[in-house]
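What follows is one structure encoded as structure tokens, with my remarks underneath.
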Amino acid sequence: MNRRTALLAVGEWLAWWAGLVLLWLVLISTVYPLEWAVGAGAAAVTALAARAARRAVWR
């Protein structure tokens with residue numbers, strides 16, 4: 001994997017993560033630090049799965 005491909009992969013993962021965290025914050029009523037941490041962690045795992053699923057479809 002070259003540097004450009006790695007940067008694109010990280011950028012795609014960050015885009016998924018940011019979108020999922022924003023969705024999480026919209027859907028919860030109050031934002032406590034623990035809820036934010038759980039949402040960010042869940043979004044990280046889901047972003048990884050979304051990227052893997054997208055790559056599986058496009059390959």
Side-chain angles (χ1 to χ4, degrees):
M1 177 183 297
N2 62 23
R3 186 178 181 126
R4 181 177 183 271
T5 306
L7 287 174
L8 287 173
V10 170
E12 180 184 355
W13 181 85
L14 280 173
W16 275 109
W17 180 82
L20 291 166
V21 166
L22 287 174
L23 179 63
W24 175 268
L25 290 174
V26 166
L27 293 177
I28 61 175
S29 58
T30 57
V31 183
Y32 295 111
L34 181 59
E35 288 179 343
W36 198 96
V38 169
V45 171
T46 308
L48 187 63
R51 184 181 185 299
R54 192 193 66 77
R55 287 195 63 199
V57 169
W58 288 99
R59 294 266 170 170

For residues 14-22, dump all side-chain donor-acceptor pairs below 3.5 Å to protein atoms at least two apart in sequence or in another chain.
{"residue": "Trp17", "atom": "NE1", "partner": "Ala40", "partner atom": "O", "Å": "3.1"}

If a pair satisfies salt bridge (Lys or Arg N to Asp or Glu O under 4.0 Å) and one of its residues is in [range], list it, with sequence neighbours excluded.
| range | result |
| --- | --- |
| residues 39-51 | Glu12-Arg51 |
| residues 18-30 | none |
| residues 30-45 | none |

According to side chain to side chain contact (heavy atoms under 4.5 Å, CB included), who are the partners of Arg4, at least two apart in sequence or on a separate chain?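 If we apply the side chain to side chain contact (heavy atoms under 4.5 Å, CB included) test to Arg4, skipping adjacent residues, the hits are Asn2, Leu8.
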Quick one: side chain to side chain contact (heavy atoms under 4.5 Å, CB included) partners of Val45, sequence neighbours excluded?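 So Val45 forms no side chain to side chain contact (heavy atoms under 4.5 Å, CB included) with any residue.
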Single-linkage hydrophobic cluster Leu48~Leu23, side-chain heavy atoms < 4.5 angstrom: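 In one cluster: no.
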Would Leu7 end up clustered with Val10 when hydrophobic side chains under 4.5 Å apart are linked, directly or stepwise?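 Result: no, two separate clusters.
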Rounded to the nearest 0.5 Å, what's the gap from CH2 on Trp36 to CD1 on Ile28? Could you check?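 These two atoms lie 10.5 Å from each other.
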